[in-house]
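Before any comments, here is the structure.
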Amino acid sequence: MSTVLSRLKTFMTWTVHGDGKNLTGNQAVAPDERLTYPRTIGIGAQHVLAMMGSTLLVPAITGMPASTTLFFSAIGTAIFLMITGNKVPSYLGSSFAFIAPLAAAGVTSANGPLDGATIAIGLGGILLAGLLLAAVGALVHLLGGGWIQKLMPPAVTGTIVALIGLNLAGAAKDMWNGSPWTAIVTLAAVLLLMVLSKGFLGRIAILAGAIIGGLFAALRGEWDGAGAVIGDAAWFGLPEYHTPTFEGSVLIAFIPVVLVLIAENIGHVKSVAAMTNRDLDPVTGRALFADGVATTLAGLGGGSGTTTYAENIGVMAATRVYSTLAYWVAAAVALLLSLVPKFGAIVAVVPLGVLGGLATLLFGLIAVLGARIWVQNGVNFSHPVNLVTAAVALIIGTADYEAVWGTMVFNGIALGTLAALVIYHGLSWVAQKRGTQETPPTSPAMVEADVVVANTAHMASSPPAAKKPRGTKK
């Protein structure tokens, strides 16, 4: 017992950085270091603000309980820190990749308020995605990540990420049409805050823009009836829990999400490695496994699927504080907020126009992220295999093609993903056997889409270091 307690004490111990108050020159607070507790708590609270807008936007769009999503986000972050041994400072927030398959399953605020049976169907898909991601993480930890690189070269990964974002265009339009003027004001506020503010306000532009849009909606009377909903909610209470059910036709649509989560997690781990000058490749498998476990728990209890958050990487780049203790604080603060049902009620009644403005930007960013993966990895679209892989899959995903096989219904995301994999690998094999292509379409390369922004922010927020970290991201 004493040995266990000793290990636990070592695991939960952080060395005070310098005087615990100031950073000088090129100094940064390492993952196993901390500032004074008041400063660490303040930075942890910043992380909560940074992730809040995006994390709560997912339940606002899907119609799932916001407090429950926040609860499992907090629990998932704590699990992630434990499984990665406090080596990877990161927050697990709601993943937008789940919105499209959830909408296809009827889990959307447009059908709200949702009953337990509808939510349960969506949770089955979230649970499946979590289990698959955990399995991938375990394999990467045991076997290395080479097989992922071969299965999902950048030409394929970029296409899948892009088609998920484009598949959501219709949902964004429907919300926008709910109140176009409110949507315009919300979107304009977010965009302006992103470029006008050089500080923390720019990093929480989504949350701030939502507040501005909400105030504009109030002037137009679009919060009518919301007061009663918020007023009836208790100040303190446990989140609303649901258990999953499973329908084969729904589950299929969630499988492509796993590929997006893999790309996001690997990119974020490499971002943190570049910023901290530490080799985190040995814990990449554990990071994937941890996110899989967190998403699985969310699927079991009623939360949204999770992913590592670039918003919080941006906060670290700005503050040069990479202490994992700050993330423990963030998880604790988020957990406390999840126990305030009135807070969740506010999210549940956000006007449709506000959501439309935010969704137009965020869904578009998912699509552009796919293109960024192509660019950063030098995908050659003069090669026929790359060209037709993206061309066919994007149309299938964007137009939301459907295929029926017995009682199974496959939607655009599942079909687009299948098309990308089959076309790329099938045509590559044919071309190789026939000798019709002198060069391979692409060399497999792990996606590092999140490193560029993080590394750029880091370079901008601190003087040049003697040794510049390599990187690339989101």
Side-chain angles (χ1 to χ4, degrees), residues 55-56 58-59 61-80 82-83 92-109 111 114-141 160 164 238-265 285-309 334-335 338 407-411 413-414 417-418:
T55 292
L56 294 182
V58 172
I61 292 173
T62 61
M64 297 175 69
S67 293
T68 312
T69 290
L70 197 58
F71 175 84
F72 281 104
S73 170
I75 297 299
T77 298
I79 290 173
F80 183 90
M82 286 189 289
I83 292 178
L92 295 190
S94 303
S95 172
F96 287 94
F98 286 94
I99 294 177
L102 284 172
V107 185
T108 170
S109 58
N111 297 334
L114 301 178
D115 56 30
T118 301
I119 293 176
I121 293 173
L123 291 178
I126 293 174
L127 174 61
L128 174 64
L131 291 173
L132 291 175
L133 182 60
V136 170
L139 288 174
V140 170
H141 184 68
I160 293 172
I164 287 178
L238 293 175
E240 177 183 347
Y241 299 111
H242 295 277
T243 54
T245 57
F246 306 96
E247 292 188 9
S249 59
V250 172
L251 296 178
I252 293 296
F254 284 83
I255 294 177
V257 173
V258 178
L259 304 181
V260 180
L261 297 179
I262 291 171
E264 288 180 338
N265 272 272
R286 282 197 278 168
L288 291 168
F289 179 78
D291 190 11
V293 172
T295 297
T296 299
L297 288 178
L300 286 171
S304 302
T306 62
T307 187
T308 49
Y309 254 34
L335 183 64
S338 73
T407 59
M408 305 283 285
V409 179
F410 302 88
N411 71 356
I413 292 179
T417 297
L418 181 62

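Looking at every heavy atom in both residues, N265 comes nearest to A287 through OD1-O, 3.9 Å. When all heavy atoms are compared, the tightest approach of S304 to A298 is O-CB, 3.4 Å. The minimum heavy-atom distance between T62 and I99, with the atom names listed, is CG2-CG1, 4.3 Å. Taking every heavy atom of both residues into account, P244 and L127 meet most closely at CG-CD2, 4.0 Å.
Residues passing the side chain to side chain contact (heavy atoms under 4.5 Å, CB included) test with I119 are M64, P65, L114, L123, H242, sequence neighbours excluded. With sequence neighbours excluded, the residues satisfying side chain to side chain contact (heavy atoms under 4.5 Å, CB included) with L335 are F71, A74, I75, S338.
With a 4.5 Å cut-off on side-chain heavy atoms, I255 and T417 do not count as touching. Between F80 and V293, every side-chain heavy-atom pair lies at or beyond the 4.5 Å cut-off. With a 4.5 Å cut-off on side-chain heavy atoms, V58 and T69 do not count as touching.
For S95 and T307, the side-chain atoms include no donor-acceptor pair closer than 3.5 Å. Between the side chains of T295 and T306, at least one donor N or O lies within less than 3.5 Å of an accepting N or O.
Atoms OG1 and CD1, from T108 and I61 in turn, are 8.5 Å apart once rounded to the nearest 0.5 Å. Put simply, CZ on F289 and CD1 on I79 are 10.0 Å apart, with the number rounded to the nearest 0.5 Å. Put simply, CD on E240 and OG1 on T68 are 5.5 Å apart, with the number rounded to the nearest 0.5 Å.
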*side-chain contact (heavy atoms from CB on, under 4.5 Å) between T243 and L300: does it pass, once the steps are laid out?*
CA-CA 5 Å; T243 54; L300 286 171; over 6 Å; no
*Does the pair I126 and F98 meet the rule for a side-chain contact (heavy atoms from CB on, under 4.5 Å), with working shown?*
CA-CA 8 Å; I126 293 174; F98 286 94; 3.9 Å; yes
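Pairs engaging residues 114-140 under the side chain to side chain donor-acceptor pair (under 3.5 Å) rule: D115-T118 [sequence neighbours left out].
Remark: of the listed residues L131, L133, D291, L132, L131 is the sole one forming a side chain to side chain contact (heavy atoms under 4.5 Å, CB included) with T296.
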